[in-house]
Amino acid sequence: MTGAGPEQAARVRVWDLPTRLFHWTLVLLIAFSWWSGDARRMDWHRYSGYAVLALLTFRIFWGFAGSSTARFTGFLRSPAATWRYVRGLGPGGHGHNPLGAWSVLAMLLLLLTQVGLGLFSVDIDGIESGPLADRVSFDAGRAAADLHHIAFNGLLALVALHLAAIAFYATARRDNLLGPMITGVRRGREGATEMRRAPIWRVLLGVSIAGLVAFAIAKGFRF
Amino acid sequence: MVPTARTLLLVGLIAAAPVAAAFAAPAAKDVITARQARLKDLGASFKTINDQLRLPNPDVAKIKAASAVVRQASVDLPKWFPAGTGPEAGVKTRAKPEIWADKAGFAEANRNFAIEAQKLQKLAASGDTDALKVQAKVVGQTCGTCHTGYRVKDN
């Protein structure tokens, strides 16, 4: 599975630039959202949230239209296939393995939930609120805010799991997953197909869609 | 030795004291519950004001009604914190002991809130939404000033 022989030493592309930029920008934005929320810098917190929303929108688009390793069909597998992988019976491809795929899905869904809740949240004093909070009652906005805090703890747990998994692969499997997410290339695996890049125009389309969605929501759909 | 009337009275009072205290404790709980309800109304009203000011065509009637609640709360607030209704009451409250330890500071913060809330109410009557936006922020700052010193921070 980890292909250590000389015939697998050739480096192959695994993560394209949009995917890598998405990943690391998200890391920075999650950290900044965390700090700005705690420090009650709510203007910055909202901007950070809109940026996360734009990134998530792009990632979902890229999951359908992006390079082969970024596409959901490229890495999401059935529970049965995932179990086969865990037991060592499934093939190791490039990109997310079936187990990692589930954690990616969980993180994306939880992040969407977190941003979604923030849009409707209001603070206890009725002073600071998300761009869609005026559509709901004070009680509903408070419930959204409470869930927004709870979901963040869930997110931290998933991040911790993610880091533990990367560490596990690095040590127990001698498989460096961090490098490829930075450089985009890794040691080739036997039997795995080369990443197929998506054309540039799709990147531009994805960025445009992401920008428009985030802008529209930031304005509360009022223009 | 037969106890005197005075001794009996003294013993009776000492025996009654914990009973009286037990009756006092629910009173603190009621005061706390009631003020938390009023404060929640205050928060909800402030949200209403800010929500309306966000709209292209704010409903001034709603702003008027909500700013009246805010103003009334700012006037009534000092009455919501009688002695014994702080954390020592044994009821969940975010009221800090400083409210009673620093009565002058608490009163000053409340005074500022009341002054700015009155200005807000007057502007609501005029319907000047631009000025209302500015004043809503000012009132929000008086909320924050008081909370920083006298309300327990969450998380």
Side-chain angles (χ1 to χ4, degrees), chain A residues 30-31 33-47 49-50 114 117-157 215-223, chain B residues 35-59 62-63 65-67 69-71 73-74 77 92-95 109 113 116-117 120 129 132-155:
Chain A
I30 290 174
S33 290
W34 186 3
W35 170 78
S36 55
D38 261 4
R40 312 290 285 143
R41 305 285 237 276
M42 299 316 286
D43 279 349
W44 284 114
H45 188 69
R46 278 186 288 264
Y47 290 137
Y50 301 146
Q114 181 66 357
L117 289 168
L119 299 176
F120 293 96
S121 292
V122 63
D123 69 3
I124 195 172
D125 303 322
I127 297 174
E128 300 286 355
S129 61
L132 302 180
D134 59 274
R135 307 304 222 274
V136 301
S137 70
F138 184 68
D139 282 339
R142 291 302 296 141
D146 288 340
L147 289 171
H148 187 71
H149 286 108
I150 292 169
F152 185 65
N153 290 330
L155 189 62
L156 285 181
F215 176 77
I217 289 176
K219 287 287 184 190
F221 301 109
R222 296 190 177 103
F223 308 104
Chain B
R35 82 168 169 236
Q36 285 172 343
R38 289 290 300 272
L39 288 164
K40 186 168 170 228
D41 285 343
L42 173 54
S45 297
F46 210 63
K47 176 179 188 284
T48 299
I49 294 169
N50 287 325
D51 285 353
Q52 287 303 316
L53 289 174
R54 235 187 236 183
L55 300 177
N57 292 311
D59 185 336
K62 283 187 179 154
I63 297 175
S67 63
V69 174
V70 173
R71 167 62 184 167
S74 72
L77 202 143
K92 193 153 169 253
T93 173
R94 286 175 68 182
F113 172 38
E116 300 301 339
L120 185 74
T129 51
L132 275 166
K133 282 175 187 165
V134 174
Q135 187 56 20
K137 276 210 155 61
V138 172
V139 174
Q141 276 158 3
T142 64
C143 306
T145 304
C146 193
H147 292 153
T148 304
Y150 305 102
R151 185 178 70 179
V152 174
K153 212 172 169 322
D154 66 357
N155 65 289

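Keep in mind that the numbers below use all heavy atoms, side chains included, and drop hydrogens, waters and symmetry copies.
The two residues A:Ala133 and B:Asp51 make their nearest non-hydrogen contact at O-OD2, 4.2 Å. Taking each heavy atom of B:Lys153 and A:Asp38 in turn, the nearest pair found is NZ-O, 4.1 Å. Shown here for B:Lys47 and A:Val122, the closest heavy-atom pair between the two residues is CD-CG2, 4.0 Å.
More than 12 heavy-atom neighbours from other residues, nucleotides or ligands sit within 6.0 angstrom of CZ on A:Arg135. In A:Phe152, the CZ atom is crowded: over 12 heavy atoms of neighbouring residues, nucleotides or ligands sit closer than 6.0 Å. In B:Lys62, the NZ atom is not crowded: 12 or fewer heavy atoms of neighbouring residues, nucleotides or ligands sit closer than 6.0 Å.
Proximity to chain B is absent for every atom of A:Asp123, based on heavy atoms less than 4.5 angstrom apart. Interface remark: B:Lys137 contributes no atoms to any contact with chain A (heavy atom separation under 4.5 Å).
Atom CZ of residue A:Arg222 and atom CZ of residue B:Arg54 lie 7.5 Å apart, to the nearest 0.5 angstrom. Atom CG of A:Asp125 and atom CG of B:Leu39 lie 9.0 Å apart (nearest 0.5 Å). Between the NE2 atom of B:His147 and the CD1 atom of A:Ile127 there is a distance of 7.0 Å, given to the nearest 0.5 Å. We find the SG-CD1 distance between B:Cys143 and A:Ile124 to be 12.0 Å, quoted to the nearest 0.5 Å. Distance check: A:Arg40 CZ to B:Thr148 OG1 gives 10.5 Å after rounding to the nearest 0.5 Å.
The backbone N or O of A:Gly126 lies less than 3.5 Å from a partner atom in the side chain of B:Asn50, making a donor-acceptor pair.
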